[in-house]
Number of protein chains: 2
Amino acid sequence: MATLTGVQKQYILHWGEMGTRWGINRTVAQIHALLYLSPRALPAEEIAKTLSVARSNVSTSIRELETWGIVRAVHVLGDRREHYESMKDVWEMFRLVIEQRKRREIDPTRELLRRCLAELDPKEPGADFTRERLAAMAGFFEAVTELHDQMKRLPTGTVRKLLRMGTKVRKAKT
Amino acid sequence: MATLTGVQKQYILHWGEMGTRWGINRTVAQIHALLYLSPRALPAEEIAKTLSVARSNVSTSIRELETWGIVRAVHVLGDRREHYESMKDVWEMFRLVIEQRKRREIDPTRELLRRCLAELDPKEPGADFTRERLAAMAGFFEAVTELHDQMKRLPTGTVRKLLRMGTKVRKAKT
DNA sequence: CTGTATGTTCTGTTTGAACTGAAAGCACAG
DNA sequence: CTGTGCTTTCAGTTCAAACAGAACATACAG
């Protein structure tokens, strides 16, 4: 088992901290950071030891990373254990995470707003006002969804190109 | 004190739940939801009663919403109490929140990645690999920052227009 | 100046998510 | 079939964040 270098430790700890701020389990984030920095796939046992967490905790966390599709199990010849490796394409990873969070959080919110607008009794006090507010919020979520759909259509790498273009155009103007 | 209608309750509870999933305090989110739906500014006392939370909790939460700039205190003639009201423009609210979260989370991460790349000892084992990974991640965060800067430049409403254009263009093509 | 209404800070308590270790489940070698 | 190595599930336990209530601070009316 390779011990962590100073830089690796820093990155892993910071990534865990970032995770918690965005509603992602600290251990899950740390494991991802470790695998992301690892040049080879790691067995669960080694992850547990390296991060000093329980083997069972690793199991659960890995499964979460797998459902997101940013970590997968690979096999090593002559070793029965599963080895885990992280996806390498940073953009693709974030795209996957964003897509799933949209499904789990944005979509249900959209759904709720629609239901609220449908259920809203015009006779209840302040109904017009409530409707207007709900509609504004619903409009926002519709637009975000639209934005997300358009992003999805862009092949990986295009965003980077767009950004470079944007930068050049802006510089030229000033 | 106005009691909440069914629809209002649903919205407030859901918003609180969403908050927790994105690392935002449940009460903070609920208070924001309440103020967003309220046709008039509300005094802290009334917020506490309506949501059944401690007065002190409201005080703290309101202050957080104020630092984000999406809630402000207003005064009502003949009333010594502060009344709080939420910003109405949904896009502007999210823009503010995103801007601040970027400052608090994205920027420090960028900083860390830079520091890691600078500190990385070329002699340590696997330094090349680590450098490559860190650089990829750093590139991502630079691009996100760039994207954010460009968005900031767009006046409110433009995003909506862009989205409508995008939709039209895509429909025309298919 | 005193008393009352309002807002803030502090401290101890509560709560739920995260975590551990043990038990159970599985797959395969022999 | 049986034992071994690995993984997952389960039942408590731990811990940090959120919260309540009290104490404190402030501002103002009278």
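Naming: A, B, ... by sequence-line order, numbering from 1 per chain.
- Using a 4.0 Å cut-off between a side-chain N of Lys or Arg and a carboxylate O of Asp or Glu, R40(B) and E46(B) qualify as a salt bridge.
- Using the six-membered ring where Trp is involved, F140(A) and F94(B) have ring planes that are parallel, under 30° apart on the 30 and 60° scheme.
- The backbone N or O of T5(A) lies less than 3.5 Å from a partner atom in the side chain of Q8(A), making a donor-acceptor pair.
- Between the side chain of S59(A) and the backbone N or O of R55(A) there is no donor-acceptor pair closer than 3.5 Å.
- R114(A) pairs by the salt bridge (charged side-chain N to carboxylate O under 4.0 Å, His left out) definition with E111(A), E142(A), not counting sequence neighbours.
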Once each nucleotide of nucleotides 2-17 of chain D is scored for protein heavy atoms under 4.0 Å, what B/S/- sequence comes out, 5' to 3'?
-> ---BSSBB--------
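- Taking 4.0 Å as the cut-off between side-chain N and carboxylate O, E92(A) and R95(A) count as a salt-bridged pair.
- Under the 4.0 Å criterion applied to side-chain N and carboxylate O atoms, R26(B) and E17(B) are assigned as salt-bridge partners.
- Between chain A and DNA chain C, the heavy-atom contact criterion of under 4.0 Å yields a 5' to 3' nucleotide range of dA18(C) to dA27(C).
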